[in-house]
Each structure stands twice: as structure tokens, then as C-alpha cells.
**Student:** 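The structure under discussion is supplied below as C-alpha cells; questions concerning it will follow.
Count residues from 1 along the sequence. The figures that follow rest on heavy atoms only: side chains count, while hydrogens, waters and symmetry mates do not.
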Amino acid sequence: MSPLQVLLPALVLLSALLVLFYDTAAAMVGIWMRSETFAHAFLVPPIVLWLVWRRRADLAQHRPRAQPWMLLPMAGACLLWLMAALAGVNSASQFALVALIVLSVPAVFGFAVTREILFPLLFLFFAVPMGEFMVPYMMEWTADFTVAAVALSGVPVFREGLQFVIPSGNWSVVEACSGVRYLIASFMVGSLFAYLNYRSNTRRAVFMLASIAMPIVANWLRAYMIVMLGQLSGNKLAAGADHLVYGWVFFGIIIMVMFLVGARWSEPDAPAPGRPSARTVPVAGSAVQTWIVTVGVVGLMLATQGLMGWLDRPLDGPAPTVTLPAALAGNWIGGSAAVTDWRPEYQNPNAVAQNVYQSGDKVVAVWIGYYRDQSPDRKLVTSTNVLVEQGSAEWVGTARGVVALDAGSVATRVRTASLRRPANPNIDARDKLEVAYLYWVGGSYTTSDVQAKLMLAFNRLLGRGDDCAVLIFYTPQRESDRSAQILRDFVGQQLQALSATLAATAAAPSVR
């Protein structure tokens, strides 16, 4: 087979992928362009092409042998893309697109060719903008380490959530301090370094693990040093945006040290790229079989897009409305004065319902954001939908968790959070809130973002629609510390009635 005969099916398949999944690919590139965290992804395609080019002589020793059974895992990748697209999980749909590109190689060229360029193929996954789900955890770890290290250094420190106070001033761990950027960049360049400098898979794995651990620890040390610089200099150093510059300089030094140490165990005796392989050359498959597989993959992708278009038809009918009951069980009467001016930062719900209920001296506010016919600009579970916007000057979160509800409730658990106004010397009950919240997805409750997305995708796949809502309950914190129990009892007792309200909204006429 001539080079053109070998490459033509692959070019046809790649073109079909980029055309049929253009929106997914364009969204991925858009994230590269606007996010500093993932700007490195622009380097991934040229690096992959260069890594494949290095293996060109070895690749020439093999002949394509299409693998029809690879249509099965590719069908799985198409299903993943469909579920992710239905649930609005961009990172998962982009991961599925890259997986389709990677799986196309063994499908069209066979496993001998795939083995030669396995690392470059896997390296393509660094183009997927993933990792931001780790931000809250890494912020928490950074705060834990920084506060503990500052205290061990003899500096008094008081902490509330991600905020802490030392004698020289107030500090907080924000998204830029989480270290996710350092981690992603380090893992990418560390993986490339390991592949190019080691032959042993064990050494490669160890160095790649080190490239994950080192930036995490380095970020903790960076945060600690920034706080101590501020403390020792009276906030003349490491104040404002310059501490981020110090952080990148420190990170650069850490990466350089990691490479210098790793180079001591490099294996320079690896065969040069392009050296002829001594392995047995597999028998080439027929051109007809290759084209059959290519057409089969294109047909699979066309079917996926067709099903997505059918399931994603816009709804016709009136906008949903949610009406909360005037009174609830347990002598809870609605219509009381507002508890506070705080409102959750949930964007673009189709409908909002809110009421303040009172029973004796107990007061609980209910806020419901209802979503239907969701789109990238209007969806329930997204990083922009939060209780308090990051960096808000009005409210800060000081604690969060998950608690169980009393037996008999239609849900088993709720998320909890404590909110307060920052730096208010005259803080009172209206400035400190206890919050409980959870998701309602097509009639079922969950506190998990992942589970909510999966439930939404399955509901849409089964033709049940995408109606869902967030239910948020809050009450002023009291000196007697009864607020959490009041809130828990209220949620457990009233969810049944609120479920009926949401079910009535979902049953309102709407057709595709």
C-alpha cells in the first residue's frame, strides 16, 4: 500500500471527527484561549506530532491492520460523549472526543502501530481542560498546611474556613492559591521528561508521580512563605498581586530542581528514534477492511449526533413557575420579613421561588432555583453556581459539610455551610447564617454534583426531560447554637411537601 492509501482513511476519519464534533472541539480551544490554567494545551498537538515524527522509521516497519472489534470501545466513547453532552459536562464530552481520536488509531492501523506511538496518543489527553474539580480540595489543603505551619512558627493565627488572621493582617486562600495550575503544568512537562529520558516504565512512573507530589508540596511552602514574608515585613513584601509573581518564580525553581535530580537517573543508552526494529512485521490487512472500519466509525458518530439532535430538541410551552405553599406542616407560616439580604449565586434559573417561614421564635427562609431546557448558559450544576462568589466582599463561607436527615425524609442527606459578613465589628444574627441545600433532579434528591449530572443525563437519555432544581434553606445563627438543628429538622420535615410542589411544576405542559 502506498503512503496515500495508508493515510487516506485516517484523514477521512479525522476530518469526520472534527466536523461532527466541531462544537466540542471549538469549546475546548475556547477554554485554552481564555483560561491561563489551560493555556499550555496549545502546545499539546505540536508536541504529539513531533513525538510521532520521531518514530517515523519504526512506524514504517509496520503495516496497517484494521481492527473491526474496536468499534465496541469507540461506541462506548460515543455514549460517554452523548451522556456528557446531555448533562452539560464539557470536560467529559471533550475527554470523549480525544478518546475517539486515540481509539481511531488501533481501529484503522492496528495494535502494532499503536504500540509504537502509545505515549504520544495518551499525551493528547493533556489537551482536555480537566482538573478544576480539584480546586476546592487543594484550597482546603493549602489552608490547612499554611495555618499549621504559621502556628508552628510561633505566630498566633485564627482561622475561619479559608480565611485566617495573623497579627499583621487578614489572609485568605483563593482559587489562584490552590496550586492547580502548578500541578497540571508540572504533570504535563514531567510526563514528557520521563518519556524522553527513561526506558524503564518503573522510572517513568516514579518520576510522573513525583511531578504530581512536588507541586502540591511546593504550593504549600509557597503559601507559607508568602504569609511569613508579609508578617515579617509588615506587609511591605508579598502584598497584593506580587505574591503571585513570587509563586511562579518559586515554582520555576522547583521544576528546575526536579529536572536536575531526575536527569541523574536518565537512561541515555535508549535507541535513537528511527532505528529499525527487529520485531516481526505483522501481515498487512486489506484496504477493503480498513475502509469498512472507517465507514463503520463514521456511521457510529453520525448516529450519535443524530440521537443527540433528537434528544436535545428545544421545548415548546410556557416557562415553568414554582409556587411555595403559604404554610407548611408544624405550624410554619410563610410571609415573614426577610432574614437577610443574602441571595445564592445561582445563575439564570427558569424560575425562582422564595419564602420565609416562622414558627414561634424559629425562622427559616427557603429559596428554590428551577431549571428546564438547560444549555451552556443555563444549567443547574456548574462551577459558577455557588452560595457565595469567590472573593466576595459581602459574604464569606466559614464552614461546610454534609449531614444526615431524620428517618422518614424523602432525602437522606443535605449539604451544610456557615456564612458570615467579613470584618464586621458589630456582627449580629442577621450577619451570620446557617445554610442547608441539595439538588432535586426529576423527582430524586442528591447532594453530589456528579450524581446530579448522571441522573440528569439518564433522565434525558430516557426522554424524561431535564427538569431539576436547587433547594436552599437558611436561618440566622443563634448564640445557643440551635440553628443547625432547627434547619435540619425543618428540611427533613418539609421536603415531602416541597417535592410535591416541584413535581407539579415538572408536570406542567411542555412539549418538544
**Student:** Run Tyr371 and Tyr346 through ring-ring contact (aromatic ring centres under 6.0 Å, His included) and show every step you take.
**Tutor:** CA-CA 10 Å; Tyr371 290 81; Tyr346 274 73; 7.2 Å; no

**Student:** Measure across Gly442 and Asn459 and return the closest heavy-atom pair with its distance rounded to 0.1 Å.
**Tutor:** CA-ND2, 3.9 Å

**Student:** Report yes or no: do Asp489 and Gln485 form a side-chain donor-acceptor pair below 3.5 Å?
**Tutor:** yes

**Student:** Answer with yes or no after comparing the ring centroid distance for Phe42 and Trp32 against a 6.0 Å cut-off, counting only values under it.
**Tutor:** yes

**Student:** Under the 3.5 angstrom rule, does the side chain of Gln358 hit a backbone N or O of Val364 as a donor-acceptor pair?
**Tutor:** no

**Student:** Between Gln477 and Arg420, do the side chains contain a donor N or O and an acceptor N or O under 3.5 Å apart?
**Tutor:** no

**Student:** Report the C-alpha separation of Leu324 and Ile368 in whole Å, then their side-chain angles, then the decisive distance to 0.1 Å, and conclude whether the side-chain contact (heavy atoms from CB on, under 4.5 Å) test is met.
**Tutor:** CA-CA 9 Å; Leu324 288 172; Ile368 296 178; 3.6 Å; yes

**Student:** Atom CH2 of Trp367 and atom CG of Asn355: how far apart are they, to the nearest 0.5 Å?
**Tutor:** 14.5 Å

**Student:** With side chains defined as the heavy atoms from C-beta onward, is the minimum distance between Phe95 and Leu100 less than 4.5 Å?
**Tutor:** no

**Student:** With a 4.0 Å cut-off, would you call Asp373 and Arg378 a salt bridge?
**Tutor:** no

**Student:** Nearest 0.5 Å, what's the CE-CD1 distance between Met214 and Ile254?
**Tutor:** 5.0 Å

**Student:** Check whether Lys362 reaches the backbone of Ile486 with its side chain - one donor and one acceptor, N or O, closer than 3.5 Å.
**Tutor:** no

**Student:** With rounding to the nearest 0.5 angstrom, report the CG to CG distance, Leu461 to Leu86.
**Tutor:** 6.0 Å

**Student:** When the ring centroid of Tyr439 is compared with that of Tyr445, is the distance short of 6.0 Å?
**Tutor:** no

**Student:** Quick check: do Val470 and Asn385 have side-chain heavy atoms less than 4.5 Å from each other?
**Tutor:** no

**Student:** Taking the side chain as every heavy atom from C-beta outward, state whether Val388 and Val396 have any pair of such atoms under 4.5 Å apart.
**Tutor:** no

**Student:** Checking Phe473 against Leu495 for the side-chain contact (heavy atoms from CB on, under 4.5 Å) test, could you report, in this order, the C-alpha distance in whole Å, the side-chain angles of both residues, the deciding distance, and whether it holds?
**Tutor:** CA-CA 11 Å; Phe473 310 86; Leu495 271 184; 4.2 Å; yes

**Student:** side-chain contact (heavy atoms from CB on, under 4.5 Å), that's the test. Do Ser186 and Ile212 meet it? Break it down for me.
**Tutor:** CA-CA 7 Å; Ser186 174; Ile212 294 174; over 6 Å; no

**Student:** For residues Ala497 and Leu328, report the shortest heavy-atom separation together with the two atoms involved.
**Tutor:** CB-CD2, 4.1 Å

**Student:** Say you draw a straight line from CG of Leu456 to CZ of Arg464; how long is it, rounded to the nearest 0.5 Å?
**Tutor:** 12.0 Å

**Student:** Tell me whether the centres of the aromatic rings in Trp332 and Tyr357 are closer together than 6.0 Å.
**Tutor:** no

**Student:** Closest heavy-atom contact between Leu405 and Gly492?
**Tutor:** CD2-N, 4.2 Å

**Student:** Assess the pair Tyr474 and Tyr437: is the distance between their ring centroids shorter than 6.0 Å?
**Tutor:** no

**Student:** Quick one: does Val29's side chain get under 4.5 Å of Gln94's, heavy atoms only?
**Tutor:** no

**Student:** Any donor-acceptor pair under 3.5 Å linking the side-chain atoms of Thr447 with those of Arg415?
**Tutor:** no

**Student:** Is the ring pair Tyr224/Phe145 parallel, tilted or perpendicular, if the boundaries are 30 and 60 degrees?
**Tutor:** perpendicular

**Student:** Is there side-chain contact between Phe126 and Ser191, with heavy atoms separated by less than 4.5 Å?
**Tutor:** yes

**Student:** Testing the basics here: between Val356 and Ala338, what is the closest heavy-atom pair and its distance to 0.1 Å?
**Tutor:** CG2-CA, 4.1 Å

**Student:** So does Asp466 get a backbone contact from the side chain of Gln374, meaning a donor-acceptor N/O pair under 3.5 Å?
**Tutor:** yes

**Student:** Give a yes or no answer on whether the side chain of Ser35 reaches the backbone of Thr37 with a donor-acceptor pair at less than 3.5 Å.
**Tutor:** yes

**Student:** Would a distance-only check, ignoring hydrogens and angles, find a side-chain to backbone donor-acceptor pair under 3.5 Å from Asn350 to Arg372?
**Tutor:** yes

**Student:** Quick check against the 3.5 Å criterion: does Ser444 have a side-chain atom that pairs as donor or acceptor with the backbone of Trp440?
**Tutor:** no

**Student:** Please list all pairs passing the salt bridge (charged side-chain N to carboxylate O under 4.0 Å, His left out) test where one or both residues lie in residues 22-33, with sequence neighbours left out.
**Tutor:** none

**Student:** For Arg159 and Glu140: C-alpha separation, side-chain torsions, deciding distance, then whether salt bridge (Lys or Arg N to Asp or Glu O under 4.0 Å) applies.
**Tutor:** CA-CA 12 Å; Arg159 176 184 177 183; Glu140 194 75 32; 2.9 Å; yes

**Student:** May I ask you to check whether Thr416 and Glu434 show a side-chain donor-acceptor distance below 3.5 Å?
**Tutor:** no

**Student:** Counting only N and O atoms by type, is there a donor-acceptor contact under 3.5 Å from the side chain of Ser93 to the main-chain atoms of Asn90?
**Tutor:** yes

**Student:** Any donor-acceptor pair under 3.5 Å linking the side chain of Trp141 with the backbone of Ile216?
**Tutor:** no

**Student:** According to ring pair (Phe, Tyr, Trp, His ring centres under 6.0 Å), who are the partners of Phe21, at least two apart in sequence or on a separate chain?
**Tutor:** Trp81

**Student:** Strictly distance-based, threshold 3.5 Å: is any side-chain N or O of Gln305 a donor or acceptor partner for the main-chain N or O of Leu20?
**Tutor:** yes

**Student:** When the aromatic ring centroids of Phe193 and Phe259 are compared, is their separation below 6.0 Å?
**Tutor:** yes

**Student:** Quick one: closest heavy-atom pair of Leu502 and Ala469, and the distance?
**Tutor:** CD2-CB, 4.2 Å

**Student:** Less than 4.5 Å apart, side chain to side chain, heavy atoms only: is that true for Leu17 and Ile101?
**Tutor:** yes

**Student:** Identify the two heavy atoms, one from Met228 and one from Ser153, that lie closest to each other, and give their separation to 0.1 Å.
**Tutor:** CE-CB, 4.1 Å

**Student:** When you measure from the side chain of Ser483 to the backbone of Pro476, do you find a donor-acceptor pair of N or O atoms at a distance under 3.5 Å?
**Tutor:** yes

**Student:** To the closest 0.5 Å, what do you measure between OG (Ser499) and CG (Leu471)?
**Tutor:** 7.5 Å

**Student:** Working to the nearest 0.5 Å, report the span between CG of Asp467 and CG of Leu380.
**Tutor:** 11.0 Å

**Student:** Within a strict 4.5 Å, meaning less than it, do heavy atoms of the Phe125 and Val44 side chains meet?
**Tutor:** no

**Student:** Going through the checks in order, is the side-chain contact (heavy atoms from CB on, under 4.5 Å) test met by Leu192 and Met188?
**Tutor:** CA-CA 6 Å; Leu192 184 60; Met188 175 178 154; over 6 Å; no

**Student:** Any side-chain heavy atom of Val322 within less than 4.5 Å of one from Val352?
**Tutor:** no

